[in-house]
Amino acid sequence: MTGTGPGSDRERRLNVLLITADQLRGDFLGFAGHPTVRTPHLDALAAEGVAFPNAYSPVPVCVPARYAMMTGRSAVSIGVRGNASVPIPPECVTLPAAFARAGYATGAFGKMHFTPWDEPYGFETFTVSEEGRQAGRDGGLGDAYQRYLRTTGWGGWERAHGIGNNDVRTSSSPLPLEHYHTTWCARETASWLRRRVTEAPERPFFAWCSFTKPHSPYDPPEPYDRLYDPRAFPPPIGDASDLQGLSPAYQEMRRGRMLDALGWEQVQRARAMYAGNVTLIDHAVGGLRRTLQELGVAGRTVVLFTADHGDLLGDHGLFFKATFFRAAWHVPFVVYAPGRATGGRRDPRFLASEDVYPTLLDLALGAGEGDGGAGTDGSAGAAAGRSALAGPGAARDTVFGSVGPAPRAQHAARSERWSYVLHARGGYEELYDLRADPEERRNLAEQAAPSTAGRQLRAGLEAWLAAGGDRGCLDESGHLRSDPGARGWTPEPPPRHGLGLRPY
């Protein structure tokens, strides 16, 4: 690192505020065109910066997406294909570690979902909330949010409604707005920003504010629980009839969550309550941006807003993620950077979760356009991220995805026109012409004549998996493994007691 006098590299470096939401689909935002959900502060961020409408989470579940952001590498390249309890590989230079090397103060607030859960991986300040999963940890005190609630007289009330993390049922939060997680997370982030700027104004900062919402339980506090009328809220795309002829994996998802038991009113209520939490997050983002303005640093701070994955919210008769229908892996991605990402542009290039890392380094430190692989040992190659502000030659025209263990993995490739999906178990394929069928309701893969588009996307997917070193899903010839002999397999029966879900 060079000097610290006027005109030095340190003086020119920008601060960074990364804001993420958990399970926020990319179309439930005003600037993304949603007709009902109100997000004025995120709309303003998009109007001042650059929005990327084609951002996707290649392994659309929590842990892989977060590890991709932290390492700048695709999750499959570091061996994370689901919410497995595995640490970040030691050879990876994490995003906070990269900023720390450049002299930045670093702080994380909210849901991280790391293993071990209290491992900071390079953050100096690490104030985490893991959605109640750590209630018995740390001498029974739990995580930082649980400890905070005990100081307010509301200890243990965050789940007094009895609804778990992966439950479709809805309820208003028993907590008042001031103690709800979203409010707490934004307040902790803002307090840290004030301390950092006041105590060491010459030192740049990297802060990650990570909201646990709008992930289920769908339980916004008052008054956000009444913000949207379920009866008037836009309905889901299609229904369970869209799944006929597709992989039995979808029916297994429906049975495991007992989605057949949901009526129209319950689905609509879930969508409306989810939207209430989206608007609450939007208000929290507005508060954070006001804090930057009050501190006099808004004009030299990069702000990036994104999510780890989406939520189907009833589309095609499904909820949550871990599939490759658009709403499950499509995420918001909007960035403002003084002098670089401004003007309210919409950039159509395809982005992936691992692009967060090189984008922030590029904008804050000038790490180089398209500097894929930054923060790794250099072995990730084509499986590494690239800056969202890289030149046109580095832009993707296709995004690839893969989730689940090799015998039952789902793989996907998506371009501007086509979406291709392969289910390894049974060899079920899906192909959607997004120009004629943007809602992905008519599968063309079973047509008599094999599609050239399908073959091309499958070949690109194989190359992507090979570049990431994911040989378990490829055969000796480098082609995707599948088991057509398992076609017609029968989904497991639903649990016999309750919803079969653990509360945390």
Side-chain angles (χ1 to χ4, degrees), residues 14-22 24 39 41-42 44-45 49 66 69-70 94-96 99-100 104-114 117-118 120-131 143-149 151-152 158 175 177-201 203-215 221 277-308 332 334-337 356 360 363-364:
L14 298 177
N15 304 307
V16 175
L17 174 59
L18 170 61
I19 308 172
T20 56
D22 191 350
L24 174 55
T39 54
H41 301 290
L42 287 167
L45 181 66
R66 293 161 189 277
M69 295 181 201
M70 280 283 283
T94 64
L95 185 56
F99 275 115
Y104 278 61
T106 60
F109 311 90
K111 180 179 177 179
M112 295 294 120
H113 228 32
F114 300 157
W117 74 276
D118 55 354
Y121 285 113
F123 283 107
E124 294 174 354
T125 301
F126 196 62
T127 306
V128 298
S129 169
E130 293 297 330
E131 300 170 299
D143 59 32
Y145 178 56
Q146 291 168 318
R147 294 195 297 272
Y148 160 76
L149 285 179
T151 70
T152 68
E158 71 270 29
L175 294 174
L177 175 61
E178 65 181 301
H179 300 312
Y180 194 68
H181 180 275
T182 301
T183 309
W184 170 84
C185 187
R187 187 168 56 234
E188 288 292 316
T189 306
S191 296
W192 184 84
L193 292 174
R194 291 189 183 97
R195 290 195 303 272
R196 295 309 317 166
V197 173
T198 301
E199 296 172 3
R203 189 181 182 194
F205 61 77
F206 165 54
W208 184 357
C209 176
S210 179
F211 298 115
T212 66
K213 297 297 177 180
H215 192 295
N277 257 326
V278 173
T279 297
L280 174 53
I281 288 171
D282 177 79
H283 289 179
V285 170
L288 288 170
R289 297 199 74 199
R290 283 193 299 274
T291 297
L292 296 177
Q293 292 168 352
E294 292 166 2
L295 293 171
V297 297
R300 51 189 178 93
T301 300
V302 176
V303 180
L304 192 157
F305 179 84
T306 188
D308 55 356
V334 57
V335 59
Y336 166 78
V356 168
L360 293 180
L363 293 174

Given side chains that start at C-beta, do those of [X] and [Y] come closer than 4.5 Å, heavy atoms only?
X    : Y    : value
T20  : M69  : yes
L280 : Y180 : yes
F206 : L18  : yes
D143 : Q146 : yes
W117 : V128 : yes
V303 : V335 : no
P214 : L24  : yes
T301 : Y336 : no

Smallest separation among heavy atoms of [X] and [Y], with atom names:
X    : Y    : value
E158 : L149 : OE1-CD1, 3.4 Å
Y104 : N15  : CE2-CA, 4.4 Å
F126 : D118 : CE2-C, 3.8 Å
T182 : A284 : CG2-CB, 4.0 Å
P96  : T106 : O-CG2, 3.7 Å

Given 3.5 Å as the limit, does a donor-acceptor pair link the side chain of [X] with the main chain of [Y], or not?
X    : Y    : result
D22  : K213 : no
S129 : K111 : no
T306 : P332 : yes
R187 : E178 : yes
T198 : R195 : no
T151 : Y148 : yes
T183 : H179 : no
E130 : M112 : yes

**OP:** Inspect the contact between E124 and R203 and indicate whether a charged nitrogen and a carboxylate oxygen are less than 4.0 angstrom apart.
**Re:**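 Salt bridge flag = yes for E124 with R203.
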
Roughly how far, to the nearest 0.5 Å, is [atom2] of [Y] from [atom1] of [X]?
X    : Y    : atom1 : atom2 : result
I19  : L304 : CD1   : CG    : 9.0 Å
I281 : L42  : CD1   : CG    : 9.0 Å
R194 : T189 : CZ    : OG1   : 10.5 Å

Are [X] and [Y], when compared by the centres of their aromatic rings, separated by less than 6.0 Å?
X    : Y    : answer
H181 : Y145 : yes
F109 : W192 : yes
Y121 : F114 : yes

Subject >> Qualifying residue for side-chain hydrogen bond (donor to acceptor under 3.5 Å, both in side chains) with D308, from H113, R66, H215 >> reply: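 In the set H113, R66, H215, the residue that makes a side-chain hydrogen bond (donor to acceptor under 3.5 Å, both in side chains) with D308 is R66.
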
**OP:** Start with the C-alpha gap between L295 and L193, add the side-chain angles, then the distance that decides, and say whether side-chain contact (heavy atoms from CB on, under 4.5 Å) holds.
**Re:** CA-CA 9 Å; L295 293 171; L193 292 174; 4.2 Å; yes

Original post:
Does the pair H283 and H41 meet the rule for a side-chain contact (heavy atoms from CB on, under 4.5 Å), with working shown?
Top reply: CA-CA 7 Å; H283 289 179; H41 301 290; 3.9 Å; yes

**OP:** Apply side-chain contact (heavy atoms from CB on, under 4.5 Å) to D282 and F305, showing your working.
**Re:** CA-CA 10 Å; D282 177 79; F305 179 84; over 6 Å; no

**OP:** Report the C-alpha distance between V302 and L360 in whole Å, list the side-chain angles of each, state the deciding distance to 0.1 Å, and finish with yes or no for side-chain contact (heavy atoms from CB on, under 4.5 Å).
**Re:** CA-CA 8 Å; V302 176; L360 293 180; 4.1 Å; yes

